[in-house]
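In what follows, a structure is listed as structure tokens, so that the remarks can point back to it.
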Amino acid sequence: QVQLVESGGGLVQTGGSLRLSCVASGPTFSRYSGPNMGWFRQAPGQEREFVAAMPWSGSTTYYGSSTRGRFTISGDNAKDTVYLQMNSLEPEDTAVYYCAAGARRGSSWHGDYDYWGQGTQVTVSS
């Protein structure tokens, strides 16, 4: 099993920034074949939306159309942690943000992810 724990959410004003963290652990994580790490978000009454993804070992990054240019995904293998730096936040970014791990590189489809964190709330006030 792979466990993912997100943190860093909160309340921020429009134009502000937040950095989310996702710590991965579990006896099988280190042997998980080529994990792809992703961030998704879900607002009330809306479908889960792809935010960003990157391979656990690699530098290629992938972004959703609404977050490209404002959000940055990065990882620290030594800390088993993936980050999501969010800048120029807008009220439309308000959602629960989830970290996920899957096998398909760069996938934007939530069905390709096998493991999920519990989510962290991000609220952007206008």
Side-chain angles (χ1 to χ4, degrees):
Q1 275 287 27
V2 173
Q3 289 87 42
L4 303 172
V5 179
E6 304 99 332
S7 62
L11 174 65
V12 65
Q13 292 185 333
T14 297
S17 299
L18 282 174
R19 188 177 79 157
L20 306 183
S21 300
C22 171
V23 179
S25 63
T28 62
F29 183 74
S30 63
R31 300 190 297 275
Y32 191 43
S33 177
N36 178 65
M37 304 302 297
W39 286 97
F40 287 77
R41 66 186 183 185
Q42 189 165 19
Q46 310 234 347
E47 294 190 356
R48 195 160 291 194
E49 178 187 7
F50 172 70
V51 174
M54 65 176 291
W56 185 252
S57 55
S59 59
T60 305
T61 55
Y62 307 84
Y63 295 95
S65 58
S66 61
T67 56
R68 187 176 296 115
R70 299 186 298 124
F71 292 9
T72 303
I73 187 172
S74 62
D76 186 337
N77 287 3
K79 297 181 179 180
D80 287 340
T81 301
V82 175
Y83 303 100
L84 183 69
Q85 177 66 44
M86 306 185 296
N87 298 329
S88 301
L89 284 163
E90 304 165 352
E92 293 73 23
D93 296 314
T94 295
V96 177
Y97 283 70
Y98 297 91
C99 174
R104 188 169 181 177
R105 183 185 181 103
S107 176
S108 62
W109 183 49
H110 60 82
D112 281 331
Y113 291 81
D114 304 307
Y115 301 100
W116 292 83
Q118 82 289 349
T120 185
Q121 176 71 47
V122 171
T123 303
V124 184
S125 63
S126 57

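All values below come from the heavy atoms of this structure, side chains included, with hydrogens, waters and symmetry mates left out.
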| query | Strictly under 6.0 Å, is that where the ring centroids of Y63 and F50 end up? | reply | no
| message | Working to the nearest 0.5 angstrom, can you tell me the gap between I73 CD1 and M86 CE? | response | 12.0 Å
| query | Do L18 and V124 belong together in a cluster built from hydrophobic side chains that touch within less than 4.5 Å? | reply | yes
| request: Could you walk me through whether R48 and Q42 pass the side-chain hydrogen bond (donor to acceptor under 3.5 Å, both in side chains) test, one step at a time? | output: CA-CA 5 Å; R48 195 160 291 194; Q42 189 165 19; 3.2 Å; yes
| query | Should V23 and Y113 be counted in the same cluster of Ile, Leu, Val, Met, Phe, Trp and Tyr side chains packed under 4.5 Å apart? | reply | no
| Shortest non-hydrogen contact from R41 toward Y97 | NH1-OH, 2.9 Å
| Nearest heavy-atom neighbours spanning S17 and Q85 | CB-NE2, 3.9 Å
| T81 and C22, any side-chain heavy atoms less than 4.5 Å apart | no
| query | Is there side-chain contact between L20 and V122, with at least one heavy-atom pair below 4.5 Å? | reply | yes
| note | For A53 and N36 the tightest heavy-atom approach is CB-ND2, 3.9 Å
| In Å, rounded to the nearest 0.5 Å, how long is the span from CZ of R68 to OG1 of T61? | 9.5 Å
| query | When the ring centroid of F71 is compared with that of W39, is the distance short of 6.0 Å? | reply | no
| Point-to-point distance, once rounded to the nearest 0.5 Å, from CG of L84 to SG of C99 | 9.5 Å
| query | For the atom pair CG (N87) and OG1 (T72), what is the distance rounded to the nearest 0.5 Å? | reply | 6.5 Å
| task | Would you check if M37 and P55 make a side-chain contact, meaning some heavy-atom pair closer than 4.5 Å? | result | no
| Shortest non-hydrogen contact from S88 toward R70 | O-NH1, 3.0 Å
| task | Find out whether S74 and V82 are in side-chain contact, i.e. whether some heavy atom of one side chain is under 4.5 Å from a heavy atom of the other. | result | no
| query | Are V51 and Y83 linked, directly or through other ILVMFWY residues, by side chains that come within less than 4.5 angstrom of each other? | reply | no
| Do D112 and H110 come within less than 4.5 Å of each other through their side chains, counting heavy atoms only? | no
| pair Q121-T94: side-chain heavy atoms closer than 4.5 Å | yes
| message | If you compare all heavy atoms of A103 against all heavy atoms of D114, which two are closest, and at what distance to 0.1 Å? | response | N-OD2, 4.2 Å
| request: Please report the closest heavy-atom contact between L89 and V12, naming both atoms and the distance. | output: CD1-CG1, 3.6 Å
| Tell me, do M54 and T60 make a side-chain contact under 4.5 Å, heavy atoms counted? | no
| query | Going by distance alone, is a donor N or O of one side chain under 3.5 Å from an acceptor N or O of the other, for E6 and S21? | reply | no
| message | Using a 3.5 Å distance criterion without hydrogens, assess whether the side chain of S107 forms a donor-acceptor pair with backbone atoms of R104. | response | no
| Quick one: is the NZ or CZ of R105 closer than 6.0 Å to the six-membered ring centre of W56, and within 45° of its axis? | no
